[in-house]
Amino acid sequence: MIKLIIGQKGAGKTKKMIQMANDAVNTTDGNIIFIDDDKRSGLMNLQHKIRFIDVRDYNVRSFDAFFGFISGLLASNYDVEKIYLDGLYNLTNIRRDELERFVACLEGLIGEHNITVFIAINITSEALPEALSKYVLEELKVI
C-alpha cells in the first residue's frame with residue numbers, strides 16, 4: 001500500500017513523517033525504514049528502533065538506481081513492514097512526469113509483501129497527476 005503526504009515546501013511533511021514513523025514503532029511487528037537525504041531531522045528525532053538511511057551515502061539518484069535500492073532493501077530484509085521516503089524529489093532525480101511510473105513500479109514491488117510505503121512529496125493536489133490522487137493520505141498546507 002502506498003500513502004502520499006503532499007504539500008508545498010515548508011508545510012511540515014518531514015515532521016509529520018517522523019511522527020508517523022515513531023508512532024508506528026508501538027503498533028508494528030516488523031521493521032520500519034526511514035529514508036531521507038540528510039541526517040539532521042531523522043537521526044535526532046526518530047526512535048532508535050527505526051532504521052534510518054541517508055540516501056546520500058549511496059549513489060542512487062536515478063529512477064532505476066533508487067528503485068533497485070529499495071528492491072535490495074526488501075530482498076535483504078524479509079520483515080520490513082513500513083518504509084518512509086521523506087522528500088521524494090530530494091532523494092532522487094525523479095521528474096514529476098515519472099511520478100506515476102515510480103508509484104506503479106513501487107506498488108508492484110510491495111504489493112506481494114504487505115508493506116506500506118509513505119512518501120512525502122513537494123507537490124500540491126492541483127499539480128499531482130490525477131491517477132495518483134487515490135494514494136493521498138494527507139495534504140499539508142503552509143501556515
Side-chain angles (χ1 to χ4, degrees), residues 1-125 127-141:
M1 178 182 323
I2 295 175
K3 304 283 186 176
L4 302 179
I5 309 294
I6 63 172
Q8 296 175 331
K9 185 174 179 160
K13 294 180 297 300
T14 296
K15 185 177 180 179
K16 177 73 173 179
M17 294 276 281
I18 289 171
Q19 176 190 350
M20 291 170 59
N22 284 335
D23 291 346
V25 167
N26 300 320
T27 60
T28 302
D29 293 327
N31 289 329
I32 299 171
I33 299 172
F34 195 99
I35 301 174
D36 202 348
D37 69 327
D38 67 58
K39 294 176 176 73
R40 289 176 298 178
S41 57
L43 283 178
M44 302 284 284
N45 298 305
L46 288 170
Q47 291 191 34
H48 73 280
K49 291 181 180 181
I50 298 169
R51 181 174 178 196
F52 178 82
I53 298 173
D54 183 344
V55 78
R56 293 179 307 164
D57 292 341
Y58 306 91
N59 187 18
V60 294
R61 297 294 299 164
S62 73
F63 179 102
D64 291 330
F66 189 66
F67 186 75
F69 180 73
I70 293 172
S71 297
L73 286 172
L74 298 180
S76 66
N77 192 347
Y78 70 91
D79 62 348
V80 172
E81 200 169 314
K82 296 184 187 307
I83 299 174
Y84 295 83
L85 304 177
D86 187 29
L88 185 63
Y89 294 143
N90 296 335
L91 299 175
T92 69
N93 290 330
I94 292 174
R95 298 181 318 267
R96 191 171 287 179
D97 63 332
E98 295 177 308
L99 194 53
E100 282 184 69
R101 184 169 74 105
F102 177 75
V103 170
C105 290
L106 189 58
E107 187 173 48
L109 177 66
I110 66 168
E112 305 171 9
H113 303 287
N114 196 28
I115 297 169
T116 303
V117 178
F118 299 89
I119 306 172
I121 307 173
N122 288 337
I123 195 169
T124 62
S125 56
L128 187 72
E130 181 63 33
L132 298 181
S133 62
K134 67 182 180 181
Y135 297 103
V136 175
L137 177 66
E138 188 170 355
E139 179 173 9
L140 302 175
K141 306 283 185 182

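Each residue takes its place number in the sequence, starting with 1.
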Exercise. Has N26 got more than 12 heavy atoms of other residues, nucleotides or ligands less than 6.0 Å from its CG?
Worked result: yes
Problem set entry | Spacing of K141 atom NZ and Q8 atom CD [to the nearest 0.5 Å] | 7.5 Å
For this session: Would you give the length of the straight line joining atom CG of N90 to atom CZ of R56, rounded to the nearest 0.5 angstrom?
Result: 10.5 Å
Problem set entry | Whether Q47 side chain and N22 backbone form a donor-acceptor pair below 3.5 Å | yes
Problem set entry | Note, L85 side chain near F118 side chain (heavy atom, < 4.5 Å) | no
Exercise. Are D29 and E81 close enough that some pair of their side-chain heavy atoms sits under 4.5 Å apart?
Worked result: yes
Problem set entry | Inter-residue atom distance I94.CD1 - R101.CZ, 0.5 Å rounding | 8.5 Å
For this session: From the options L73, D79, L74, select the one residue that forms a side chain to side chain contact (heavy atoms under 4.5 Å, CB included) with N77.
Result: D79
Exercise. Are any of the side-chain heavy atoms of M20 and Y84 separated by less than 4.5 Å?
Worked result: yes
Exercise. Do the side chains of Y89 and I121 get nearer than 4.5 Å, heavy atoms only?
Worked result: yes
For this session: Go through the structure and list residues passing ring-ring contact (aromatic ring centres under 6.0 Å, His included) with F67, not counting sequence neighbours.
Result: none
Exercise. When rounded to the nearest 0.5 angstrom, what distance separates CG in L106 from CD1 in I83?
Worked result: 7.0 Å
Exercise. Does a side-chain heavy-atom distance below 4.5 Å link T92 with V60?
Worked result: no
Exercise. Should the ring pair F102 and F63 be called parallel, tilted or perpendicular, given that the plane angle runs from 0 to 90° and is split at 30 and 60?
Worked result: perpendicular
Exercise. Do the side chains of I35 and F52 get nearer than 4.5 Å, heavy atoms only?
Worked result: no
Problem set entry | Point-to-point distance, once rounded to the nearest 0.5 Å, from CD1 of I110 to CD1 of I115 | 6.5 Å
Exercise. In terms of side-chain geometry, is the basic nitrogen of R96 or E98 positioned less than 4.0 Å from the acidic oxygen of its partner?
Worked result: no
Problem set entry | L140 and K16, any side-chain heavy atoms less than 4.5 Å apart | yes
Problem set entry | Test item: L4 and L128 side chains (from C-beta on) under 4.5 Å apart, heavy atoms | yes
Problem set entry | Axial cation check for F66 ring with R61, 6.0 Å and 45° limits | no
For this session: Please name the pair of heavy atoms, one in I119 and one in L88, separated by the smallest distance, quoted to 0.1 Å.
Result: CG2-CB, 3.8 Å
Exercise. Taking the side chain from E139 and the backbone from S125, do they hold a donor-acceptor pair closer than 3.5 Å?
Worked result: yes
